[in-house]
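As the structure lists them, so they are numbered: ligands from 1, and atoms in each ligand from 1.
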Amino acid sequence: MNDTKIALVTGANKGIGFAIAQGLGALGCTVAVGARDEVRREQAVERLRAAGVDAFGVALDVTSDDSVAAAAATLEQTAGRLDVLVNNAGIAGPIDGGTQDPTTLDLDVVRTVLDTNVFGVVRVTNAMLPLLTRARSPRIVNMSSTMGSLTLQPGPVLAAYAPSKSLLNSVTAQYARRLADTNVIVNAACPGFVATDFTGFNAPRTPEQGAAIAIRLATLPDDGPRGGFFDDAGVIPW
Ligand code: NAP
């Protein structure tokens, strides 16, 4: 088996996903840049190549069964396996006056946020698992948020976004249980409060800082932790 690791990062055209792609590339991975918009995807691939990363673009809208199936078929043909999957793509959904008020919540907003942040992760993970199980030490990282921690409950009231990350954490734990006796290691990560489009670039951490925990979990040794929720400081309470 070729020793170069193949990593797919969803939502890799900008923000934390781009920084994860760059960081994994700097470690020697070949990076599949999963992104839904062709122009933004190819620009990201060019920027990564200019930084010395072996990158290629994969059309990927995590809310579309067809798009995800086509992405898996592309990876099957080009790489034949997948060593790392980082489910990074995520959305907050509309925020009004700094909050998503549960007492007036539009359920269509909840459905949209869940479709990307949770169903998207399940859709992509299940499509990629046949490729992941062909790798020696497959790793899956789900980009969550401390906003999904029912213990901490930080930040503003966000009645669609925060529960989407709580559910993602729970889904992560179920995958880890299901895959416990395999070599597939699954964990959830929080990048911290990062300056990206997502936060209006009004946050203290850089995308590179936000990417660090995902990169660490994507490159865990075979005896690394499973089914956990981590940031740079260590374990995050559920
Ligand atoms: P961002 O700059 O808004 O980037 C989000 C990425 O997800 C973009 O590449 C976006 O693509 C992609 N995306 C959204 N919907 C998609 C879909 N249906 N299919 C494919 N790609 C899709 O946000 P970010 O700050 O880097 O956030 C990345 C992850 O970190 C998210 O899961 C977020 O919840 C999590 N997070 C962020 C923070 C923070 O402080 N920034 C804190 C905690 C957790 P387009 O360019 O096409 O929209």
Would you check the N or O atoms of [X], main chain and side chain alike, for any that come under 3.5 Å of an N or O of ligand 1?
{"X": "S145", "value": "no"}
{"X": "V194", "value": "yes"}
{"X": "T199", "value": "no"}
{"X": "A12", "value": "no"}
{"X": "V62", "value": "yes"}
{"X": "G17", "value": "no"}

Where is the nearest protein heavy atom to [atom]: which residue, which atom, and how far?
{"atom": "atom 14 (C) of ligand 1", "result": "R36 NH2, 3.5 Å"}
{"atom": "atom 25 (O) of ligand 1", "result": "T196 OG1, 2.6 Å"}
{"atom": "atom 4 (O) of ligand 1", "result": "K14 CE, 3.7 Å"}
{"atom": "atom 23 (O) of ligand 1", "result": "F198 CB, 3.3 Å"}
{"atom": "atom 27 (O) of ligand 1", "result": "I16 CD1, 4.0 Å"}
{"atom": "atom 46 (O) of ligand 1", "result": "N13 ND2, 2.8 Å"}
{"atom": "atom 18 (N) of ligand 1", "result": "D61 OD1, 2.9 Å"}
{"atom": "atom 6 (C) of ligand 1", "result": "G11 O, 3.8 Å"}

Relative to [atom], which among [options] owns the nearest non-hydrogen atom?
{"atom": "atom 5 (C) of ligand 1", "options": "A71, G90, A44", "answer": "G90"}
{"atom": "atom 45 (P) of ligand 1", "options": "R40, M143, R123", "answer": "R40"}
{"atom": "atom 42 (C) of ligand 1", "options": "A89, G192, S67", "answer": "G192"}
{"atom": "atom 32 (O) of ligand 1", "options": "T146, N87, N88, N202", "answer": "N88"}

[X] side-chain N/O to [Y] backbone N/O, donor-acceptor pair under 3.5 Å:
{"X": "R134", "Y": "R81", "answer": "no"}
{"X": "R40", "Y": "K14", "answer": "no"}
{"X": "S170", "Y": "L167", "answer": "no"}

Within ligand 1, which atoms have a heavy atom of [X] less than 4.0 Å away?
{"X": "T63", "result": "18 (N)"}
{"X": "F193", "result": "40 (O)"}
{"X": "P191", "result": "36 (N), 37 (C), 38 (C), 42 (C), 43 (C), 44 (C)"}
{"X": "G15", "result": "2 (O), 26 (O)"}

For [Y], is there an ion pair with [X] - N to carboxylate O distance below 4.0 angstrom?
{"X": "D3", "Y": "R136", "result": "yes"}
{"X": "R123", "Y": "D115", "result": "yes"}
{"X": "R139", "Y": "D222", "result": "yes"}
{"X": "R205", "Y": "D231", "result": "no"}

Residue portion contacting ligand 1 (non-hydrogen atoms closer than 4.0 Å) for [X]:
{"X": "T10", "result": "neither"}
{"X": "R205", "result": "neither"}
{"X": "D37", "result": "neither"}
{"X": "K165", "result": "side chain"}
{"X": "Y161", "result": "side chain"}
{"X": "P207", "result": "neither"}

**Prompt:** Side-chain contact, heavy-atom cut-off 4.5 Å: P138 with T133?
**Reply:**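 Heavy-atom side-chain distance check fails, nothing below 4.5 Å.
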**Message:** I'd like to check T125 versus V186 (side-chain heavy atoms, cut-off strictly below 4.5 Å). Are they in contact?
**Reply:**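 They are not in side-chain contact.
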**Asked** Is it true that atom CG of N202 has more than 12 heavy atoms of other residues, nucleotides or ligands lying nearer than 6.0 Å?
**Response**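 No, the 6.0 Å shell around CG holds no more than 12 heavy atoms from other groups.
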**Request:** Please state whether S144 comes within less than 4.0 angstrom of ligand 1, counting heavy atoms only.
**Result:**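 The answer is yes: ligand 1 sits under 4.0 Å from a heavy atom of S144.
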**Prompt:** Going through the distances and angles, do D96 and D101 end up as a side-chain contact (heavy atoms from CB on, under 4.5 Å)?
**Reply:** CA-CA 8 Å; D96 188 10; D101 185 341; over 6 Å; no
